[in-house]
Chemist: 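Before I ask anything, here is the structure I am working with.
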Amino acid sequence: MVVSRRRVVQVLGGVTMASLTGAGKAQFWFAPSLTYPAIKVGNVNNLKNNEPVYFNYPDARSQGILVKLGRPAIGGVGRERDIVAFSAACTHMGCGVQYKGGRFLCPCHYSMFDPAKAAAVYQGLASTGLPQIQLGIAQNGDIFARAVNGLIWGRARNI
Ligand code: FES
């Protein structure tokens, strides 16, 4: 059966109007917004450039890596916008990535991720970047993990 573009627009318009007016008792399901725990993962005064700090987030089964790059990064926090954190689970098959030589390196099949570019993959078998962990900094310099952008490898949901 061929459905014209006009018919699709008519149907979608009708559904939209029904949902706005309540006509026909149309119900729509929306994904619930997930509330992430805020967990302290470090302090800016204890970080040194290119020395990673490992922590678990959002739960004990998921390792994350916090690193101060010494250069601005996408999603970076701190005075120099250079502090970032990511899930350490490689997006190829879940091996734990390591921070070496200014990049994230997976020891299993050697995928490499750029920490300054939201951990975009630039070499290897992984097809997507590492999920970035959103950070916040308190006035005393404590760094908190607040959420995860993207799905951690092997999970149907992060929390
Ligand atoms: S598990 Fe990381 S590249 Fe395969």
Side-chain angles (χ1 to χ4, degrees), residues 3 5 8 12 15-16 19 27-159:
V3 179
R5 184 180 343 173
V8 170
L12 290 177
V15 169
T16 301
S19 66
Q27 293 186 353
F28 297 91
W29 181 85
F30 295 98
S33 58
L34 300 175
T35 302
Y36 280 80
I39 295 175
K40 180 182 172 184
V41 295
N43 185 289
V44 293
N45 299 315
N46 298 330
L47 293 179
K48 295 181 178 150
N49 285 357
N50 297 307
E51 291 188 9
V53 174
Y54 293 86
F55 60 95
N56 292 324
Y57 190 80
D59 55 40
R61 296 180 299 119
S62 180
Q63 190 172 59
I65 304 176
L66 173 73
V67 64
K68 178 174 171 44
L69 300 174
R71 62 188 195 280
I74 294 173
V77 298
R79 189 173 301 146
E80 299 169 44
R81 316 297 291 173
D82 64 340
I83 301 170
V84 290
F86 297 91
S87 166
C90 179
T91 53
H92 176 225
M93 294 181 71
C95 290
V97 301
Q98 300 159 355
Y99 183 76
K100 287 185 176 177
R103 67 189 177 207
F104 293 117
L105 170 65
C106 179
C108 290
H109 311 106
Y110 307 106
S111 285
M112 296 181 193
F113 306 85
D114 187 337
K117 296 181 179 168
V121 60
Y122 65 91
Q123 179 174 308
L125 299 174
S127 57
T128 61
L130 302 172
Q132 187 158 15
I133 297 173
Q134 292 180 15
L135 301 173
I137 300 180
Q139 285 190 335
N140 67 357
D142 284 346
I143 303 168
F144 290 87
R146 301 187 308 188
V148 181
N149 294 340
L151 195 58
I152 296 169
W153 185 88
R155 293 183 171 206
R157 52 185 293 167
N158 288 337
I159 55 176

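For ligands, and for the atoms within them, numbers begin at 1 and follow the listed sequence. Model, not experiment: these values are computed from the prediction.
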Chemist: In this structure, which one of Val67, Val77, Asn49 forms a side chain to side chain contact (heavy atoms under 4.5 Å, CB included) with Asp82?
Modeler: Asn49

Chemist: What I'd like to find out is whether the side chain of Val148 reaches to under 4.5 Å of the side chain of Gln134, using heavy atoms alone.
Modeler: no

Chemist: Going by an N to O cut-off under 4.0 Å, is there a salt bridge joining Glu80 and Lys68?
Modeler: yes

Chemist: Can you tell if the side chain of Leu47 reaches within under 4.5 Å of the side chain of Val53, non-hydrogen atoms only?
Modeler: yes

Chemist: Tell me how many protein N, O or S atoms are closer than 2.8 Å to atom 4 (Fe) of ligand 1.
Modeler: 2

Chemist: Taking the side chain as everything from C-beta on, heavy atoms only, tell me whether Asn149 gets closer than 4.5 Å to Pro131.
Modeler: no

Chemist: Pairs under 3.5 angstrom only: tabulate donor-acceptor contacts from the side chains of residues 101-113 to other protein residues two or more places apart or in another chain.
Modeler:
unit_1	atom_1	unit_2	atom_2	d
His109	ND1	His92	ND1	3.2
Ser111	OG	Leu125	N	3.0
Ser111	OG	Ala126	N	2.9

